[in-house]
Amino acid sequence: MTEPVLACSDLRYAYLERFAALDGVSLSVAPGETVALLGANGCGKSTLLKVLDGLIFPDSGEFHAFGEQVLEDKLEDEQFNKGFRGRVGFVFQNSDAQVFSPTVREEIAFGCLQLGLDRATTADRVDDVVSMLDIGELVDRAPYQLSGGQKKRVAIASVLVMNPEVLLFDEPTAALDPRTQFWLIELLHQLRTAGKTIVLASHDLDTLPELADRCLVFSEEHRVVADAPTGELLADHDLLLRVNLVHERSQLLRR
Ligand SMILES: Nc1ncnc2c1ncn2[C@@H]1O[C@H](COP(=O)(O)OP(=O)(O)OP(=O)(O)O)[C@@H](O)[C@H]1O
Ligand SMILES: [Mg+2]
């Protein structure tokens, strides 16, 4: 078996040592695999993504990325930090927390410059991603003045510009209009086809077959209650009901 790109074992995490968010969560993601995190509000999806991005560190349990354990003091090492940040990109649930530069162009360039790429290379990459995401008309604007959907595109551009192997998306299609949702699902699909390793939190069962090979389902007690191929999970109506992913009268059951 190939070595996993991301491997978590028995993660426990509580905010402020009081508010439990992860309780014994394990997850292994193979290169090129796409995994969806599912579960009710507050079950721990965003928290797990924050661990996978090295933004928070588990109270116990281990997180390994690319075969190396990710620890707070290791991320303080510039070399390790650049290596990790260049290989893992995270698109937050709330784009407001992600955009902060004076202009969209600077926002998108920021990560590459942080990684030490020169200005010319960075500018080329920014141009590529701007045309790929069709945000040419936004580049001179202030990110904080954009609409939610526009900010989301900019946040995605600022991650894709670094061309990371692993992409983490926290509810990527939430609060987007149907056309932008469709566009984003297409983009995620393309990234999947291009062989990116993707972990995404989602509430949308309908798009799962297109976006994820596998699903990890959390209980409200912050534990993993299912880890199964997407097709298998969606066919298991009893499980979906038990973990509150569908309501008894939902469309899925009427099919
Ligand atoms: N900054 C914080 N301080 C204290 N508790 C927090 C904080 N962030 C999250 N929590 C708590 O941790 C638990 C897990 O939250 P998390 O944001 O990971 O859930 P989620 O699965 O992403 O939910 P949603 O579907 O609503 O986005 C929740 O009970 C939440 O109240
Ligand atoms: Mg969340």
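Start at 1 with the first residue, then count along the sequence. In listed order, ligands and their atoms are each counted from 1.
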Inset, instruction - Examine ligand 1 and decide if any of its atoms is less than 4.0 Å from a heavy atom belonging to Ala20. - result: yes

Legend entry - Asp134/Arg153 ion pair, N-O < 4.0 Å: no

Inset, instruction - Output yes when Arg12 and Asp59 qualify as a salt bridge under the 4.0 Å nitrogen-oxygen rule, no when they do not. - result: no

Inset, instruction - Answer yes when Glu165 and Lys196 have at least one side-chain N-carboxylate O distance shorter than 4.0 Å, and no when they do not. - result: no

Inset, instruction - Among all protein heavy atoms, pick out the one at the shortest distance from atom 17 (O) of ligand 1; state its residue, atom name and that distance to 0.1 Å. - result: Ser46 CB, 3.7 Å

Inset, instruction - Run the contact test for Cys43 against ligand 1 with a 4.0 Å cut-off on heavy atoms, strictly below, and give the result. - result: yes

Inset, instruction - State the atoms of ligand 1, each with its element, that fall below the 4.0 Å cut-off from a heavy-atom position in His203. - result: 25 (O)

Inset, instruction - Report yes or no: do Val166 and Phe84 belong to one cluster of Ile/Leu/Val/Met/Phe/Trp/Tyr joined by side chain heavy-atom distances under 4.5 Å? - result: yes

Inset, instruction - Look at atom CD of Glu78 and say whether more than 12 heavy atoms of other residues, nucleotides or ligands are closer to it than 6.0 Å. - result: no

Inset, instruction - Please say whether Phe19 places an N or O atom under 3.5 Å from an N or O atom belonging to ligand 1. - result: no

Legend entry - Subset of ligand 1 atoms that lie under 4.0 Å from at least one heavy atom of Gln93: 27 (O)

Legend entry - Heavy-atom nearest neighbour of atom 16 (P) of ligand 1 within options Asn94, Ile56, Thr47: Thr47

Legend entry - Any non-hydrogen protein atom less than 4.0 Å away from atom 31 (O) of ligand 1: no

Legend entry - Nearest-contact summary for atom 9 (C) of ligand 1 - protein heavy atom, Å: Tyr15 CE1, 3.3 Å

Legend entry - Joint cluster assignment, Leu71 & Val88, ILVMFWY side-chain distance < 4.5 Å: no

Inset, instruction - Can you pull out the closest protein heavy atom to atom 25 (O) of ligand 1? Residue, atom name and distance to 0.1 Å, please. - result: Lys45 NZ, 2.7 Å

Legend entry - Note: Arg105-Asp127 ion pair, threshold 4.0 Å (strictly below): yes

Legend entry - Hydrophobic cluster membership, Leu75 vs Val51, 4.5 Å side-chain cutoff: yes

Legend entry - Contact list for residues 110-165, test ring-ring contact (aromatic ring centres under 6.0 Å, His included), sequence neighbours left out: Phe100-Phe110

Inset, instruction - Compute whether any side-chain donor of one residue and acceptor of the other, for Ser46 and Asp170, lie under 3.5 angstrom apart. - result: yes

Inset, instruction - Looking only at protein heavy atoms, identify the closest one to atom 24 (P) of ligand 1 and say how far it is in Å. - result: Asn41 ND2, 3.6 Å

Legend entry - Nearest-neighbour protein heavy atom for atom 23 (O) of ligand 1, which is reported as residue plus atom name and distance: Gly42 N, 2.7 Å

Inset, instruction - Following the transitive rule for hydrophobic clusters with a side-chain heavy-atom cut-off under 4.5 Å over Ile, Leu, Val, Met, Phe, Trp and Tyr, establish whether Val243 and Leu205 coincide in one cluster. - result: yes

Legend entry - Backbone or side-chain N or O of Gly39 under 3.5 Å from ligand 1 N or O: no

Legend entry - Near the Mg ion (ligand 2) (cut-off under 2.8 Å), count of protein N, O or S atoms: 2

Legend entry - Charged N-O contact under 4.0 Å between Asp213 and Arg192: yes

Legend entry - Side-chain donor-acceptor pair present, Glu210, Thr207, cut-off under 3.5 Å: no

Legend entry - Close-contact set for ligand 1 against Glu171 heavy atoms, below 4.0 Å: 24 (P), 25 (O), 27 (O)

Legend entry - atom 28 (C) of ligand 1 protein-contacted (non-hydrogen atom, under 4.0 angstrom): yes

